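One structure is given here, and the rest of the page talks about it.
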Amino acid sequence: HVQLVESGGGSVQAGGSLRLSCTDSGLTYGSYCLGWFRQAVGKEREGVAAILRDGQPRYAESVKDRFTISQDDAKNTLYLEMNSLKPEDTAMYYCAADSFPPTVRRSDYVLRPSEYKNWGQGTQVTVS
């Protein structure tokens, strides 16, 4: 049974930075694709960043060069380093995990929320 718990959200001024964390239980690193997603009020959930089973990252165009996804296997933790934050980054941020085959590598797949079965409860990020 996979459990995901996000933390690190908060309020920050535009141009600032935050680091989100997602700790997991029940995952074997290398067997799951992990992702960060966000949902703003009144909008659909969207993919932000994902890390493939081999550690390769994938990013949405809107966050490329500003956000960095990483993982620490020893700590069972997934991170999202967010820099140069903009008001449009305001949303509830969720981490998710799923056991896609290693052949699944396309951004349009691994950044699609409907492909993931395991979700955390979310952490709010507000940029003003």
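Given the structure is predicted, the values throughout are model-derived calculations rather than measurements. The residues of the chain are indexed from 1 along the displayed sequence.
- Between V127 and K86, the closest side-chain pair of non-hydrogen atoms is not below 4.5 Å.
- To the nearest 0.5 Å, the span separating CD on Q124 from CD on Q39 amounts to 11.0 Å.
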Please report the C-alpha distance between Q121 and V5 in whole Å, then the side-chain angles of each, then the deciding distance to 0.1 Å, and finally whether the side chain to side chain contact (heavy atoms under 4.5 Å, CB included) criterion is met. CA-CA 7 Å; Q121 83 291 345; V5 180; 4.2 Å; yes

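- A single hydrophobic cluster is seen to contain both L78 and M82, as judged by linkage of ILVMFWY side chains at heavy-atom distances under 4.5 Å, directly or through other members.
- Put simply, the side chain of R58 never gets that close to the backbone of R106: no donor and acceptor are under 3.5 Å apart.
- In Q13, the CD atom is not crowded: 12 or fewer heavy atoms of neighbouring residues, nucleotides or ligands sit closer than 6.0 Å.
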One pair to check against side chain to side chain contact (heavy atoms under 4.5 Å, CB included): V2 and K117. What are the steps and the verdict? CA-CA 10 Å; V2 175; K117 291 187 287 292; over 6 Å; no

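- Across all non-hydrogen atoms, the minimal contact from V104 to Y109 is CG1-CD2, 3.2 Å.
- Linking Ile, Leu, Val, Met, Phe, Trp and Tyr whenever their side-chain heavy atoms come within less than 4.5 Å puts W36 and V12 in one cluster.
- Rounding to the nearest 0.5 Å places OG of S99 at 7.0 Å from CZ of R53.
- Distance check, rounded to the nearest 0.5 Å: SG of C95 to CD of Q71 gives 12.0 Å.
- Cluster membership check: L18 does not share its hydrophobic cluster with F37, using side-chain heavy-atom separations under 4.5 Å among Ile, Leu, Val, Met, Phe, Trp and Tyr.
- Residues L111 and A60 come closest through the heavy atom pair CD1-N, 3.6 Å.
- Residues Y59 and P57 approach most closely at CE1-CB, 3.6 Å, considering heavy atoms.
- A continuous path of hydrophobic side-chain contacts links L27 to L80 [ILVMFWY only; heavy atoms under 4.5 Å].
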Kindly indicate, with the supporting measurements, whether the criterion ring pair (Phe, Tyr, Trp, His ring centres under 6.0 Å) is fulfilled by F67 and Y79. CA-CA 10 Å; F67 291 10; Y79 299 102; over 10 Å; no

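- The disulfide (SG to SG under 2.5 Å) check on C33 picks up nothing, with sequence neighbours excluded.
- The stretch residues 46-77 participates, sequence neighbours left out, in no disulfide (SG to SG under 2.5 Å) pair at all.
- Taking a 6.0 Å sphere around CG of D65, one finds it holds 12 or fewer heavy atoms contributed by other residues, nucleotides or ligands.
- The two residues L20 and V125 come nearest to each other via the heavy atoms CD2-CG2, 4.0 Å.
- Applying the 4.5 Å side-chain rule to ILVMFWY residues, one finds that V41 remains a lone member of its cluster.
- Checking T23 against N76 by side-chain atom types alone, no donor-acceptor pair falls below 3.5 Å.
- Smallest separation of non-hydrogen atoms from E6 and G122: OE1-N, 2.8 Å.
- Residues S84 and S17 share a closest heavy-atom pair of N-OG, 4.4 Å.
- Residue L34 is grouped with residue V48 when hydrophobic side chains (ILVMFWY) are merged at heavy-atom distances under 4.5 angstrom, including chains of intermediate members.
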Decide side chain to side chain contact (heavy atoms under 4.5 Å, CB included) for S21 and S7; before the verdict, give the C-alpha distance in whole Å, the side-chain angles of both, and the deciding distance to 0.1 Å. CA-CA 5 Å; S21 301; S7 61; 3.8 Å; yes

Is there a side chain to side chain contact (heavy atoms under 4.5 Å, CB included) between Y32 and D24? Walk through the geometry before answering. CA-CA 11 Å; Y32 280 79; D24 70 79; over 6 Å; no

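- The CD1 atom of I69 lies 12.0 Å from the CD atom of Q56; values are rounded to the nearest 0.5 Å.
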